[in-house]
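If you read the sequence from its start, that first residue is 1, and numbering goes on from there. Computed from a prediction, not measured in an experiment: that's the story for all the values here.
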Amino acid sequence: YYEWLTVGKTKTPYYVTDPVEGELAFAGLYSWWRAPVAEGAEPGPWMLTATILTRAAAGPAARIHDRIPVMLPRSEWDTW
């Protein structure tokens, strides 16, 4: 993924990857839902919302940004 370091008005992209595995998986949540409607009204379309969980950055990543995605180890991909 890309993270952006902002200094003043200058933004510099950093490509973040796992140097050993190459692939990353982030912890996220999603939900399908419909907006509430008045009694007797037709329901609206289904909506999908999603988010990636984040945590405080540590180590070298903290130099770029104060938050990073929660990354899942490969052993947890199927379980998550």
Side-chain angles (χ1 to χ4, degrees):
Y1 74 97
Y2 281 92
E3 191 58 77
W4 295 84
L5 172 63
T6 303
V7 178
K9 293 186 177 184
T10 303
K11 291 185 174 186
T12 304
Y14 284 82
Y15 179 64
V16 181
T17 188
D18 183 322
V20 176
E21 298 289 339
E23 298 176 308
L24 299 173
F26 301 147
L29 303 169
Y30 73 95
S31 179
W32 284 99
W33 58 279
R34 286 184 167 168
V37 296
E39 189 174 328
E42 289 291 318
W46 283 98
M47 305 288 289
L48 172 63
T49 53
T51 188
I52 293 175
L53 303 180
T54 63
R55 65 177 185 88
R63 185 178 70 81
I64 301 169
H65 199 277
D66 63 334
R67 309 285 307 156
I68 61 170
V70 173
M71 295 178 210
L72 298 171
R74 186 175 291 275
S75 61
E76 296 299 319
W77 288 13
D78 289 340
T79 303
W80 184 263

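Shown here for Ala62 and Ala57, the closest heavy-atom pair between the two residues is CA-CB, 3.7 Å. Gly44 and Val37 make their closest contact through N-CG1, 4.2 Å (heavy atoms, listed as atom of the first residue, atom of the second, distance). Closest heavy-atom contact between Trp77 and Leu72: NE1-O, 3.0 Å. Contact record, Trp80 with Ala27: CZ2-CB, 3.6 Å, taken as the closest heavy-atom pair.
Taken together through direct or relayed side-chain contacts under 4.5 Å among Ile, Leu, Val, Met, Phe, Trp and Tyr, Tyr15 and Leu5 form parts of separate hydrophobic clusters. Leu53 and Tyr2 fall into different hydrophobic clusters, defined by Ile, Leu, Val, Met, Phe, Trp and Tyr side-chain heavy atoms under 4.5 Å apart, directly or through other members. Placement of Ile64 and Trp4 in two distinct hydrophobic clusters is found when ILVMFWY residues are connected by side-chain heavy-atom separations under 4.5 Å, directly or transitively. In the hydrophobic clustering of ILVMFWY residues, with side-chain heavy atoms under 4.5 Å counting as a link, Val70 and Leu24 come out apart.
Considering only residues two or more places apart in sequence or on other chains, Ser31 meets the side chain to side chain contact (heavy atoms under 4.5 Å, CB included) condition with Trp33, Thr49. Listed by chain and residue number, nothing satisfies the side chain to side chain contact (heavy atoms under 4.5 Å, CB included) test with Pro36 (two or more places apart in sequence, or in another chain).
Relative orientation of the Phe26 and Tyr1 rings is perpendicular, given thresholds of 30° and 60° on the angle between their planes.
Arg67 places a side-chain N or O within donor-acceptor distance of the main-chain N or O of Thr54, the cut-off being under 3.5 Å. Remark: side-chain polar atoms of Thr17 are paired, donor with acceptor, to backbone N or O of Gly22 under 3.5 angstrom.
In this structure the side chain of Asp18 never reaches within 4.5 angstrom of the side chain of Glu23, judged on heavy atoms.
Taking CE of Met71 as the start and CD of Glu76 as the end, the distance is 15.5 Å to the nearest 0.5 Å.
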